[in-house]
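Remarks on the structure that follows.
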Amino acid sequence: MKPNYRRCISCRKVGLKEEFWRIVRVFPSGQVQLDKGMGRSAYICPTQSCVAAAQKKNRLARALHASVPETLYQALWQRLSQGNNQN
């Protein structure tokens with residue numbers, strides 16, 4: 001099977017799907033959450049610089065076509081501080 005490649009919305013790096021965190025706008029509720037659910041997705045590198053740039057420039061909201069709650073960014077920062085890279 002062919003590997004699944006994705007692109008980080010912040011630094012534009014291309015890599016395997018497993019290297020990134022997935023943020024989903026769930027269909028049909030429109031709720032934005034981490035990792036699980038079906039709907040429009042955006043991928044971000046698990047690095048401090050990518051999360052900071054995405055938050056500062058509102059890249060997640062633009063990629064998902066939805067407003068992103070501050071609690072989602074807090075969850076991303078918490079994951080970074082725990083060193084949980086999901087690899």
Side-chain angles (χ1 to χ4, degrees):
M1 245 173 88
K2 241 174 25 176
N4 290 319
Y5 291 101
R6 298 293 186 265
R7 183 182 303 268
C8 174
I9 60 159
S10 196
C11 69
R12 311 293 293 160
K13 176 187 123 182
V14 175
L16 293 173
K17 184 176 168 180
E18 294 80 26
E19 296 174 16
F20 301 106
W21 288 338
R22 179 175 179 243
I23 296 94
V24 186
R25 184 192 71 202
V26 181
F27 179 81
S29 69
Q31 178 184 356
V32 177
Q33 62 188 29
L34 286 172
D35 298 327
K36 295 184 176 87
M38 288 181 56
R40 187 173 188 90
S41 299
Y43 292 83
I44 190 165
C45 294
T47 62
Q48 188 173 4
S49 59
C50 285
V51 174
Q55 187 172 13
K56 182 179 178 186
K57 297 180 180 180
N58 204 23
R59 288 187 172 144
L60 276 176
R62 282 190 278 146
L64 296 172
H65 302 281
S67 61
V68 178
E70 189 62 33
T71 55
L72 185 91
Y73 286 112
Q74 290 170 356
L76 290 173
W77 286 111
Q78 187 175 21
R79 269 193 187 185
L80 274 175
S81 67
Q82 293 172 350
N84 186 1
N85 290 341
Q86 298 288 327
N87 286 341

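What you see is a predicted model; the values in this text were computed from it and never measured. All residue numbers refer to positions in the sequence shown, counting from 1.
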### Message
Who clusters with V14? Use side-chain heavy atoms, under 4.5 angstrom, across I, L, V, M, F, W and Y, and order the result by chain and number.
### Response
Y5, L16
### Query
If you take all heavy atoms of Q31 and Q33, which pair is closest and at what distance?
NE2-OE1, 3.7 Å
Enumerate, atom names and distances included, each donor-acceptor pair closer than 3.5 Å involving a side-chain atom of residues 58-73, sequence neighbours excluded.
| residue | atom | partner | partner atom | Å |
| --- | --- | --- | --- | --- |
| R59 | NH1 | S10 | O | 3.1 |
| R59 | NH1 | S10 | OG | 3.4 |
| R62 | NH2 | K57 | O | 2.9 |
| H65 | NE2 | R40 | NH2 | 3.1 |
| E70 | OE2 | Q55 | NE2 | 3.0 |

### Message
Please find the pair of heavy atoms, one from C50 and one from C45, that lie closest to each other, and give the distance.
### Response
SG-CB, 3.6 Å
### Query
So, do V51 and W21 sit near enough that their side-chain heavy atoms are less than 4.5 Å apart?
yes
### Query
Taking side chain as C-beta onward, heavy atoms only, is R7 less than 4.5 Å from Y43?
no
### Task
Return the set of residues passing salt bridge (charged side-chain N to carboxylate O under 4.0 Å, His left out) with K13 (not counting sequence neighbours), or none when no residue passes.
E19
### Query
Are W77 and L34 grouped together when hydrophobic residues (ILVMFWY) are joined by side-chain heavy atoms under 4.5 angstrom apart?
yes
### Task
Applying side-chain contact (heavy atoms from CB on, under 4.5 Å), name anything that partners V24, two or more places apart in sequence or on another chain.
R22, V26, S41
